[in-house]
Each structure stands twice: as structure tokens, then as C-alpha cells.
**Q** 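Starting off with a structure, shown below.
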Amino acid sequence: MNIFTLPCGPSNDSQKSAQKLERLSLILTTLVFLLSGMPKLRIVIGAPIYAVDLIIFYLLIKTPKTQSLNYGGTARLITQLASGYIVLMVLGELYGGWVYGRYFDSIYMLFRCYLAASIIRIVPRQVKNLEVLKLLLKGLCIGLFISAVISILYSFPSTRWLTDYIFSVKMLAPDGEQVLAGNNVYDAAYGGGYRGRNLIGTSTFTSGVMALLWPLVFMSKKLFRSDVFWNRLSIVTLCVAPLAILATYGRTAWLSVIFVLLSILILGSDRGKLHILLGILVASLLFGQVGLDSITAKLPLVNRIVTKTQIVAASGAENESEAERFHAYVEPFEHVLRHPSFFFVGTGVAQRKFDGNALEEATTASHAIPAMAYYAYGVGGAFCQIGFMLCSFKLIYCRLRQARKKLPCLAWMWQSLLAAWCGLFPWWCFAHGLVSQPRGAMVFFLYLGILLSCEHIYRQMDWLYSRHLSNS
């Protein structure tokens with residue numbers, strides 16, 4: 001039984017329909033490339049018009065909606081949570097626009113956030129077999145490789161001239177002038193070093209997106225085993241992506257890398273565990289030879305992480321930076337008692353993005369996805385985000401256990417999704433970009449869409465395998 005030739009639709013599809021689906025798959029691959037490489041590519045016609053928005057809008061209209069999706073209970077619950085989340089999103093942005101009088105901003109952000117959430121519907125309707133999944137992963141490999149290289153080059157003073165040129169292109173980096181102006185601060189503070197970033201966004205946002213997408217490239221390595229070029233590109237991307245995440249010099253970023261490696265050591269394949277252990281051994285030998293003092297002297301930003309970690313260990317929640325993250329899990333409970341309307345609806349993300357100083361919520365801590373979802377979409381929005389994480393973990397873990405017993409040929413798929421979930425978790429706990437930034441929401445719902453596609457492929461394979469056993 002060939003796992004690469006699962007049926008993608010009805011057997012009587014016309015050649016014209018097949019060509020249309022192939023064209024839509026190529027457009028979806030372009031979307032994945034842009035989200036992982038240059039999501040801020042845009043033109044300005046009154047309001048900024050982003051290329052990713054145009055592509056999602058086109059796919060939303062053109063993707064066939066008649067094909068049934070083979071979901072189980074937990075996967076169906078994820079789709080129901082997404083539907084509820086979209087409703088709360090619409091209500092939140094409209095209510096926020098009415099309360100604060102910024103109707104255009106609210107409608108603009110509503111449009112972008114709705115498109116972001118729609119990805120969870122688009123991807124499973126198109127990625128229904130491993131051939132289409134391979135095509136999508138090609139876009140991911142190229143985009144993530146570009147992002148990783150830019151992030152690493154940006155962190156070194158000797159290659160800053162190249163990244164400065166890239167950030168000077170306004171079509172690719174609308175905030176490029178602010179980025180270049182901010183270099184001087186870090187040049188003075190850290191001896192020319194700077195926290196790595198790329199065309200995705202800030203250092204924290206960059207590391208979060210790459211930590212989520214990096215483990216998915218493990219799928220590419222498995223699927224492109226017979227294709228030399230794509231296999232080698234996958235291997236190179238798997239090597240440079242974690243280095244780029246570390247080059248952002250953020251504690252959350254480094255924690256994400258640790259979580260991904262731990263997930264592979266605990267639940268990965270034997271070969272994956274061996275590769276990780278060898279990597280840790282080599283890194284430990286190098287670290288022992290060079291020493292911490294020498295590393296912090298040559299890479300001053302490493303000292304930033306060491307110092308902040310020591311401060312947090314000594315002062316705990318009294319530290320201002322950590323207090324904000326701690327209060328993100330406390331202040332929403334106090335806020336909802338003062339504002340009972342947030343039991344039903346929030347005030348959207350447009351007000352915080354365009355006029356945050358006018359909000360009482362702007363003075364509260366929101367460095368956590370549940371907190372940000374609460375302020376934007378109410379109590380229901382926070383519960384939906386928690387539901388996404390719990391349901392996705394349950395689905396991945398259960399399928400991984402089942403695949404190892406029944407369909408070991410697909411266990412790698414769930415191992416990659418689990419590692420991606422572990423890479424996402426620290427960002428989900430200590431940042432807000434998945435809600436406050438439309439492109440962050442796009443990446444998040446892309447991940448959930450790929451998860452649902454893998455669920456469909458797995459159930460299809462399970463059915464074919466059971467039928468094969470019964471016939472034999």
C-alpha cells in the first residue's frame with residue numbers, strides 16, 4: 001500500500017477540476033512561503049494591503065467547500081472552537097469600534113483577523129494527501145531557511161550591512177526605518193551585537209514563529225528522502241533554524257528550543273534521540289573547552305540572558321519583567337469583575353494596536369495568550385485559546401501512541417506535530433503575538449490546519465489498512 005497516493009477527492013473528478021486543485025495547492029504553498037519568510041510584503045493604497053491577505057481571500061473564495069472532511073471527535077472539537085472563536089472575534093472588533101469610535105481600524109483588523117482564522121478551513125480542504133503536503137512543505141522549507149539566514153546575519157555586526165539593505169526595502173519591511181534606528185541602542189549596550197530578527201517581525205515574534213514552524217521541517221526530511229535537493233535543503237534548514245532562534249537571545253526563545261529537544265528525547269524516534277544526544281554531547285564539549293566567560297565576552301548578548309536569568313532566580317515575581325508575565329494570569333480575573341461585559345465580548349485588538357493609550361486594558365499585563373485573548377474577545381476567547389492547546393495536544397499524543405502500534409509508517413508525522421506544539425507552548429504562555437498580530441494568528445491557524453490535514457490523512461490510511469487486513 002503506497003502512502004503517497006491517497007485519494008484527494010471524488011474518483012470522477014474531471015481533468016479541469018484536478019488542474020484547479022493543483023493551481024490552488026501552488027497558491028497555498030506560496031502563502032506558506034510568505035508566512036514563514038516575508039509576511040509583511042505589502043503595497044499601500046490608502047490602507048496597507050498585504051500579499052498574504054490577498055492570497056487567503058482568494059483561497060477562501062476558490063477552495064471547494066463541498067468535499068467532506070474525515071474528522072474524529074477531538075478534531076471536530078477543534079473546528080467547533082475555531083467557529084466560536086471567529087464569532088467572538090467579529091463581536092469583539094465591532095464592539096471595540098463602537099466603544100472607542102475607531103470604526104475603520106476595527107473593520108480593517110476584523111478583516112485581517114477573520115482571514116487569519118479562515119486558514120484552519122482552507123488548509124484541510126486542500127491538503128488531503130501526502131503529495132499536497134509535500135508541496136506545502138517545500139514553501140515552508142524555503143521561507144524558513146530565508147528567515148533563519150537573515151536572523152543569524154542580523155545578529156552579527158560584520159554582516160549588518162547586508163541585513164540593513166534588506167530592511168531598507170519598505171515593501172518587505174514597512175518598519176525598516178525603526179529597526180535601523182534601534183540598532184544604535186544595542187550597538188552601544190552590547191558591543192555591536194544585536195538580537196537576531198528577520199522579515200517576520202521583532203526578535204520575540206521571530207523566535208516564536210520559527211520555534212513553531214521549525215519542527216514541521218522534520219516532515220520534509222521524511223517525505224523528501226528520495227529527492228536530493230529538497231532533502232538537503234530540509235537538513236540545512238533543520239540545522240540553521242534552531243541557531244536562528246538562539247540568535248534572538250531571548251529566554252522564551254531558548255526555552256522553546258529546549259522544549260522541542262526534550263519532546264524528541266522523550267517521545268521521538270530512536271534515530272532522532274541519537275541525533276539530539278550527539279548534538280548535546282558536541283555542544284557540551286565545546287562549551288567546556290571555551291567556557292562561559294569566554295562566550296559572554298565574544299557574544300555579549302549571551303550575558304544578557306545569563307544576567308536576566310540570575311535576576312529572576314533571585315527576585316522572582318518582584319522583577320518587573322517577570323511580574324508582567326505573572327500578572328497576565330491574575331489581572332484578567334480582577335478586570336472582569338470591574339467590567340462584566342467581558343464575560344461576553346472583548347474590545348478587539350484594533351484599539352490596542354492603533355490607540356492603546358486610550359484603553360484601561362493597556363495598563364494591564366497581557367504577556368500571555370489567554371490574557372490577550374480575554375482582553376480582545378472576552379472570557380470565551382480565552383477559553384477557546386486554552387481549548388486549542390489542550391485539544392491539539394490530546395489529538396497529537398493519542399494519534400502518536402496509536403500510530404506506533406498500528407501504523408508506524410506515519411508515526412513521524414505526529415512526532416513532528418508534537419515537537420511543534422512544544423516549540424509553541426513557551427511563546428503561548430509568555431507572549432501575545434498569536435492574538436495581537438494578524439500574521440501571528442495566521443501562523444497559529446496554519447499549524448492547526450496542518451494538524452487537521454494530518455488527522456484526515458491518518459484516518460484515511462487507517463481505514464485503508466483495516467480494509468486491507470479484512471480482505472486478506
**Q** Measure the shortest side-chain to side-chain distance between Glu455 and Leu395 over non-hydrogen atoms and say whether it is less than 4.5 angstrom.
**A**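 Glu455 vs Leu395: side chains touch.
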**Q** Using 0.5 Å steps for rounding, measure from the CE atom of Met89 to the CD atom of Glu93.
**A**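 Answer rounded to 0.5 Å: 8.0 Å.
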**Q** Got a sec, which residues hit side-chain contact (heavy atoms from CB on, under 4.5 Å) with Arg225, two or more places apart in sequence or on another chain?
**A**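 Partners of Arg225 under the side-chain contact (heavy atoms from CB on, under 4.5 Å) test: Lys222.
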**Q** Which residues satisfy the salt bridge (Lys or Arg N to Asp or Glu O under 4.0 Å) test with Lys40, sequence neighbours excluded?
**A**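 Partners of Lys40 by the salt bridge (Lys or Arg N to Asp or Glu O under 4.0 Å) criterion, ordered by chain and then number, come out as Asp175.
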**Q** Does any part of the side chain of Val32, heavy atoms only, come nearer than 4.5 Å to the side chain of Leu35, both counted from C-beta?
**A**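 They are not in contact (no side-chain heavy atoms under 4.5 Å apart), so the answer is no.
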**Q** What do you reckon, is CZ of Phe33 surrounded by more than 12 foreign heavy atoms closer than 6.0 Å?
**A**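 Yes, because the 6.0 Å sphere around CZ of Phe33 holds more than 12 heavy atoms from other groups.
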**Q** What residues, two or more places apart in sequence or in another chain, satisfy side-chain contact (heavy atoms from CB on, under 4.5 Å) together with Leu261?
**A**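 Counting only residues at least two positions away or on another chain, Leu261 forms a side-chain contact (heavy atoms from CB on, under 4.5 Å) with Trp214, Val257, Ile276.
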**Q** Mind checking side chain to side chain donor-acceptor pair (under 3.5 Å) for Tyr50 and listing every partner two or more places apart, or none if nothing turns up?
**A**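 For Tyr50, the residues satisfying side chain to side chain donor-acceptor pair (under 3.5 Å) (neighbours in sequence not counted) are Arg42.
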**Q** Partners of Gln402 by side chain to side chain donor-acceptor pair (under 3.5 Å), sequence neighbours excluded?
**A**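 Counting only residues at least two positions away or on another chain, Gln402 forms a side chain to side chain donor-acceptor pair (under 3.5 Å) with Arg399.
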**Q** Compare all side-chain heavy atoms of Leu451 with those of Ile78 and state whether any distance is below 4.5 angstrom.
**A**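 A side-chain contact exists here, since the closest heavy-atom pair is under 4.5 Å.
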**Q** Do Phe224 and Lys138 come within less than 4.5 Å of each other through their side chains, counting heavy atoms only?
**A**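 Yes - at least one pair of side-chain heavy atoms lies under 4.5 Å apart.
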**Q** Check whether any side-chain heavy atom of Val87 lies under 4.5 Å from a side-chain heavy atom of Val90, and answer yes or no.
**A**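 SC-SC contact between Val87 and Val90 ruled out.
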**Q** Please say whether more than 12 non-hydrogen atoms of neighbouring residues, nucleotides or ligands are located less than 6.0 Å from OH in Tyr397.
**A**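 No, not enclosed.
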**Q** Just so I know, are the side chains of Ser106 and Leu94 near enough to count as touching, which here means a heavy-atom distance under 4.5 Å?
**A**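 A side-chain contact is absent here, since even the closest heavy-atom pair is not under 4.5 Å.
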**Q** With sequence neighbours left out, what residues match Phe425 under ring pair (Phe, Tyr, Trp, His ring centres under 6.0 Å)?
**A**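 Applying ring pair (Phe, Tyr, Trp, His ring centres under 6.0 Å) to Phe425 gives Trp421.
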**Q** May I ask you to check whether Phe445 and Phe388 place their ring centers less than 6.0 Å from one another?
**A**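 Between Phe445 and Phe388, the centre distance is under 6.0 Å.
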**Q** Applying ring pair (Phe, Tyr, Trp, His ring centres under 6.0 Å), can you list everything that pairs with Tyr374, at least two apart in sequence or on another chain?
**A**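 His335, Phe342.
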**Q** Taking the six-membered ring for Trp, are Phe205 and Trp427 closer than 6.0 Å centroid to centroid?
**A**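 Yes.
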**Q** Rounded to the nearest 0.5 Å, what's the gap from CH2 on Trp230 to CG on Leu223? Could you check?
**A**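 The CH2 atom of Trp230 sits 13.0 Å away from the CG atom of Leu223.
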**Q** Only counting residues at least two apart or in another chain, list the ones meeting side-chain contact (heavy atoms from CB on, under 4.5 Å) with Ile55.
**A**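 Result, side-chain contact (heavy atoms from CB on, under 4.5 Å) vs Ile55: Ile27, Thr30, Leu31, Leu34, Leu59.
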**Q** Return all side-chain donor-acceptor pairs below 3.5 angstrom for residues 235-245, not counting sequence neighbours, or 'none' if the list is empty.
**A**
residue : atom : partner : partner atom : Å
Thr237  : OG1  : Leu233  : O            : 2.8

**Q** Does any N or O in the side chain of Ser256 come within less than 3.5 Å of the main-chain N or O of Ala211, such that one atom is a donor and the other an acceptor?
**A**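 Such a contact is absent between Ser256 side chain and Ala211 backbone.
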**Q** Using the test side-chain contact (heavy atoms from CB on, under 4.5 Å), find all partners of Leu88 that sit at least two apart in sequence or belong to another chain.
**A**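 Tyr377, Cys384.
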**Q** Could you list the residues that satisfy side chain to side chain donor-acceptor pair (under 3.5 Å) with Gln385, not counting sequence neighbours?
**A**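 Here the qualifying residues are Tyr85, Trp428.
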**Q** Mind checking side chain to side chain donor-acceptor pair (under 3.5 Å) for Tyr447 and listing every partner two or more places apart, or none if nothing turns up?
**A**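 Partners of Tyr447 under the side chain to side chain donor-acceptor pair (under 3.5 Å) test: none.
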